[in-house]
Amino acid sequence: MIYNEENWDRLVLELSKRFKVTADFDFILFLIGIQELGQGMRSYSRQEKMDLINLGKCTLLCREGYLKPDGIDIEGWPKFKEIKTLKNLTPSLINYMLKKSAFEYLKQQLNL
């Protein structure tokens, strides 16, 4: 399955059914963050949820070559280092890149 809007919508629908929620892009980033943190599904504070969404974004930006892992902080969260700047990219291009990378990540994780 290749990335396009139709397949993206199918993936979002599949995740909505699987998790019994109305999945959106932030939910998908949240799921990727949970996977990467490795602590599984549990109750997270509002701040932790925001941090997990950010972790999901950072993970995808690593896959695209903009960040690289840079160890673990004292609370056990991954740290990242910028290796290519995002400043010159438009928000719509960044969004497209993140969605495509999320699609590929989830396709791999869910064996689609």
Side-chain angles (χ1 to χ4, degrees):
M1 183 166 30
I2 61 168
Y3 174 78
N4 60 39
E5 282 301 313
E6 185 178 326
N7 286 338
W8 173 260
D9 291 342
R10 281 191 191 128
L11 176 65
V12 170
L13 183 60
E14 172 64 29
L15 292 172
S16 294
K17 289 178 184 175
R18 191 175 284 199
F19 291 97
K20 296 180 173 98
V21 299
T22 302
D24 61 7
F25 191 50
D26 281 345
F27 178 75
I28 290 169
L29 292 172
F30 175 70
L31 285 179
I32 292 169
I34 289 172
Q35 178 68 26
E36 292 300 311
L37 187 59
Q39 295 181 3
M41 282 295 227
R42 62 174 176 81
S43 182
Y44 291 99
S45 71
R46 180 170 169 71
Q47 183 59 51
E48 286 175 319
K49 289 176 184 176
M50 297 305 293
D51 292 343
L52 286 164
I53 289 170
N54 190 54
L55 176 55
K57 285 181 188 176
C58 290
T59 298
L60 299 177
L61 289 171
C62 282
R63 293 172 62 94
E64 295 297 318
Y66 287 88
L67 300 177
K68 72 175 185 176
D70 192 31
I72 305 288
D73 70 14
I74 59 171
E75 295 174 352
W77 287 71
K79 297 186 308 182
F80 299 90
K81 182 177 183 178
E82 185 178 69
I83 56 176
K84 279 177 23 183
T85 186
L86 291 164
K87 290 179 189 174
N88 299 329
L89 302 179
T90 65
S92 61
L93 181 58
I94 293 170
N95 189 54
Y96 172 83
M97 180 176 56
L98 288 173
K99 279 176 72 173
K100 183 177 182 208
S101 189
F103 180 85
E104 294 298 325
Y105 179 97
L106 290 170
K107 186 173 82 168
Q108 183 179 23
Q109 291 293 319
L110 301 173
N111 297 316
L112 299 175

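The first residue in the sequence is number 1, and the count goes up from there.
A salt bridge links Lys99 with Glu5: the distance from a Lys NZ or Arg NE/NH1/NH2 to an Asp or Glu carboxylate oxygen falls below 4.0 Å. Salt-bridge check for Glu104 with Lys107: passed, with a basic side-chain N closer than 4.0 Å to an acidic carboxylate O. For the pair Glu14 and Arg10, the salt-bridge criterion is not met [side-chain N within less than 4.0 Å of a carboxylate O].
Counting heavy atoms from C-beta outward, Glu36 and Tyr105 have side chains that approach closer than 4.5 Å. Residues Phe103 and Ile28 form no side-chain contact, since every pair of their non-hydrogen atoms from C-beta on lies 4.5 Å or further apart. Phe80 places none of its side-chain heavy atoms less than 4.5 Å from the side chain of Lys57. Here the side chains of Thr59 and Gln35 are not in contact, with every heavy-atom distance at 4.5 Å or above. Ile53 has its side chain out of reach of Ile32: every pair of non-hydrogen atoms, C-beta onward, lies at least 4.5 Å apart. Inter-residue side-chain proximity for Ile34 and Met41 is flagged as met; some heavy-atom pair is nearer than 4.5 Å. Looking at heavy atoms from C-beta onward, Leu29 lies out of side-chain contact with Leu52 at the 4.5 angstrom threshold. Put simply, the side chain of Leu37 reaches to within 4.5 Å of the side chain of Pro78, judged on heavy atoms.
One hydrophobic cluster holds both Phe30 and Val21 under the rule that ILVMFWY side chains link at heavy-atom gaps under 4.5 Å. The cluster map of Ile, Leu, Val, Met, Phe, Trp and Tyr, joined by side-chain heavy atoms under 4.5 Å apart, puts Trp8 and Leu93 in the same cluster. At a threshold of 4.5 Å between side-chain heavy atoms, the hydrophobic network of Ile, Leu, Val, Met, Phe, Trp and Tyr places Ile83 and Leu67 in two separate groups. If you chain together hydrophobic residues whose side chains sit under 4.5 Å apart, Leu11 and Leu13 never meet in one group.
In this structure, CG on Asn88 lies 9.5 Å from CD1 on Ile94, to the nearest 0.5 angstrom. For the atom pair Lys81 NZ and Cys62 SG, the distance stands at 12.5 Å (nearest 0.5 Å). Here Leu98 contributes atom CG and Arg63 contributes atom CZ; the two are 11.5 Å apart, rounded to the nearest 0.5 Å. Rounded to the nearest 0.5 Å, atoms OG1 (Thr85) and OH (Tyr66) are 9.0 Å apart. One distance of note links CE of Met1 with CG of Leu106; it measures 10.0 Å at 0.5 Å rounding. To the nearest 0.5 Å, atoms CG (Asn54) and CH2 (Trp77) are separated by 9.0 Å.
Of all heavy-atom pairs spanning Ala23 and Val12, the tightest one is O-CG1, 3.4 Å. Counting all heavy atoms, side chain and backbone alike, Met97 lies closest to Leu89 at CE-CD1, 4.1 Å. Taking all atoms of both residues into account, the shortest heavy-atom contact from Lys84 to Gly65 is CD-O, 3.5 Å. The two residues Asp73 and Glu75 make their nearest non-hydrogen contact at OD1-N, 2.9 Å. For the pair Glu48 and Ser43, the tightest heavy-atom approach, listed with the atom from each and the gap, is OE1-O, 4.3 Å.
Because its NZ or CZ atom is not both nearer than 6.0 Å to the ring centre of Tyr3 and within 45° of the ring axis, Lys100 does not count as a cation-pi partner of that residue.
A donor-acceptor contact shorter than 3.5 Å links the side chain of Asn7 to the backbone of Ile2.
The neighbour count for Arg42 CZ, taken as heavy atoms of other residues, nucleotides or ligands under 6.0 Å away, is above 12.
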